[in-house]
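Single-structure report; data block below.
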Number of protein chains: 2
Amino acid sequence: MSENHDSPSNPHLNDMSTLDKPDSNSTKLGSPSTLASGDNDAPTTLIEVARTAGVSPSTVSRILNGTAKVSDEKRQAVMDAIAKTNFAPNQMAQGLKKGKSMTIGIVVQDISSPFFDETLHGVDDALKGTGYASVIVSGHWNAAEEIERIRLLLARKVDGIILLSGRITDESVLQFSQHRPIVSTGRDIHTDKALGFKLDNEYGSWLAVRHLIELGHRRIAFITGPSNNCDAAERLTGYQRALQEADIPFDDKLVVEGDFHESSGMRAINHLFDTQQQFTAVCAANDLSAYGARLSLYRKGIRVPEDISLVGFDDLPGSSYTTPPLTTVKQPLYEIGRIATKALLNIINGEVVETSIPPLELVVRETTRRTR
Amino acid sequence: MSENHDSPSNPHLNDMSTLDKPDSNSTKLGSPSTLASGDNDAPTTLIEVARTAGVSPSTVSRILNGTAKVSDEKRQAVMDAIAKTNFAPNQMAQGLKKGKSMTIGIVVQDISSPFFDETLHGVDDALKGTGYASVIVSGHWNAAEEIERIRLLLARKVDGIILLSGRITDESVLQFSQHRPIVSTGRDIHTDKALGFKLDNEYGSWLAVRHLIELGHRRIAFITGPSNNCDAAERLTGYQRALQEADIPFDDKLVVEGDFHESSGMRAINHLFDTQQQFTAVCAANDLSAYGARLSLYRKGIRVPEDISLVGFDDLPGSSYTTPPLTTVKQPLYEIGRIATKALLNIINGEVVETSIPPLELVVRETTRRTR
DNA sequence: CTGTTAGCGCATTCAA
DNA sequence: TTGAATGCGCTAACAG
């Protein structure tokens, strides 16, 4: 990036077709400013706009908010003044006055986990064009921290909260929802200020295991999630149910506890081998641990899917690019974020709330194969 | 954080957790009466606290901010009132008054890209305990959108901005920095309100290619990033320099343009094969495209690293769990986020700004091997 | 249609 | 030490 090459005649991409006041003051950067335009650094206030337009503050406010009809004449004057001063309403003042911050709080458990990021992507898209911004905080899988974070969000006067994979109790959620509406994943809640919805985890892993069984597998290992995690527990149940339906005896030696991270997937496989278990397929409670399992298998010289089949859960963005691409149960992460956000906005605006989350589905890629 | 007996320096509501202790920590989570508030849902105001404590609002404010000495007697009364009403200062009001929002804006280009998420992780950690929260927005690799987003952030009165991989010109950054301090990656800027720092991309890919050359490779393909991206261009230069230093002729047939995504990595490899290029190693401009390359190679039955060596750039969290684990150039993503944030906070607080970013380094894992 | 008058909740003068 | 005023910038009655 060179600094001097830009020809001044090439306004970057700013439309604000206002002419910069030639001299006036500042712009000490030594280049004609086509960007921030207004030129001065002192943030303009609505009152100044009113003054330079020769109208009252309320008139400016009315135009900004479309609160009442204003004569074209004055409107034009105000528009000009706004353009000239590059005015933008102070959101803190607006917020104080209106009692809403145009901000929603998002509670995740791990910023920088592809699981949450994909959901955040959906949130972000749903927020686009609404005027709302989001403040993202992390509870780090810890109820106490989660509560503290939610309190912080509340003090910031967020207009609503989205709680992703929260660890706090439903009662807590209900409590908080008395202050601000909350939409939460992983719960069944339906009040006018709190909404929770959950996916059928049991069904999801049932799908995965049934798929394996249909391929002829009978000795299927299962890598669980943390024992205190409900999603994890439900997925284990799905595994058990699928086994049962196929009259395959449940063998707890084939179940190894993981923690949803890659490393635990590796450890799980190692443990299975250390304890000499026989199995032809592995079902992991999430994709990340499937990745770890895959690597451990690779290290042991075991081929996937030729020697052992592997299936994950989540369908993270990276799962279609693993080697080989991972067969997994797709969670509609993006949609969850998008729909949760829309629902929250609906609640905030007193509109009808509608949620229809796409169901879980099995995505068969290349890590599973018929037993020989 | 926070010794809050006499040092008034850090008010915010971190104190609240301390204040709450007697009440809310003594009982178990989820017991309704101790969680969200004493009882009512109406957010308490400082005035109410003053009233129930029998003092003036200013006294409460003084205690909250440590602005002046207050008799122990009144202090106690106020503390009690705060605890009882579960009061937390309205940040919008505080913001309006003090002119700062205790919020910083982060501009990324792609929420839900592991590249940015890892950096955000660093940001998040650096913000911990400071009282600041962050609003994350995405410019989607588009200068116009980026400008719009920054304007939004400014209207929200963020106290500072961190710009990650921005597409706007340095001049624009300088302009914006007249309003709020900005720290940006990928630039060299040093003013009192704007700081930019960049990593040595050229050196990074030079490291990668030299590694390949040392392993005996001479026909090394290179998958670039988008042609309009500086980082990408610099990495290509590093590749060329390494080749030159080893007296290996540059062959532009071995250079294929990608876009930093997995799919382009696949396409690149396919293209190389379609055009019958001979090569024993592939250097990708980033990890994501290396993942794609890896998959394409797998599909073609070509082994990595036995038949072809592969090296990436970034060292994303997932790169140590690919099959096999990816040799790559590590960017200190987390550190970048953390350091940028600390620097921004320093600027905001008028403190000395210090930045020392760890250098790029080659992480040799299992996708590279000596030619036979 | 438009201007004037009050505050939103808080921090900060200024007196006392 | 403390309380009483005075806005921060904006919107929402309330009159014209």
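Side chains are part of it too, since the values below use all heavy atoms of this structure and drop only hydrogens, waters and symmetry mates. For clarity, every value in this text was computed on a predicted model and none was experimentally measured. Below, chains carry the letters A, B, ... as their sequence lines are ordered, and counting in each starts from 1.
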*Looking at dA12(D), dT11(D), dC10(C), which one has an atom nearest to any side-chain atom of T67(A)?*
dA12(D)
*Which nucleotide sits closest to the side chain of V55(A): dT2(D), dT11(D), dG3(C)?*
dG3(C)
*Using a cut-off of strictly less than 4.0 Å, decide whether K74(A) has a side-chain nitrogen or oxygen near OP1 or OP2 of dG3(C).*
yes
*Look at the side chain of K97(A) and the base of dG7(C), then say whether one donor and one acceptor between them are separated by less than 3.5 Å.*
yes
*With a non-hydrogen cut-off below 4.0 angstrom, is T45(B) in contact with a base, only sugar-phosphate, or nothing?*
sugar-phosphate
*asked:* Measuring to OP1 and OP2 of dG9(D), would you say a side-chain N or O of Q94(A) lies under 4.0 angstrom away?
replied: no
_Taking any heavy-atom pair under 4.0 Å as a contact, classify L96(B): base, sugar-phosphate, or nothing._
base
*Name the closest nucleotide to the R62(A) side chain, picking from dG9(D), dG3(C), dG3(D).*
dG3(C)
*Once you round it to whole Å, what is the distance between P of dC10(D) and NZ of K157(A)?*
21 Å
*Is the backbone N or O of A126(A) less than 3.5 Å from a side-chain atom of T341(A), with the two atoms forming a donor-acceptor pair by type?*
no
*Quick check: does any side chain N or O of N90(B) sit under 3.5 Å from a backbone N or O of M92(B), one acting as donor and the other as acceptor?*
yes
*Give S58(A) one of three labels, base, sugar-phosphate or nothing, depending on what nucleic acid heavy atoms sit under 4.0 Å from its own.*
base
_Most 5' of P89(A) and P57(B) on DNA chain D, judged by nearest nucleotide_ = P57(B)
*When you compare dG9(D) with dT2(C), how far apart are their P atoms, in angstrom units rounded to a whole number?*
25 Å
*Considering only side-chain heavy atoms of V70(B), which listed nucleotide, dT2(D), dA11(C), dC10(D), is closest?*
dT2(D)
*asked:* Which nucleotide wins on minimum distance to the side chain of N90(B), given the candidates dT11(D), dC10(C), dT2(D)?
replied: dC10(C)
*Do any N or O atoms from the side chain of S61(A) and from the backbone of P57(A) form a donor-acceptor pair under 3.5 angstrom?*
no
_So if I apply the side chain to side chain contact (heavy atoms under 4.5 Å, CB included) rule between V108(A) and each of I162(A), L120(A), V123(A), T119(A), which one comes out positive?_
L120(A)
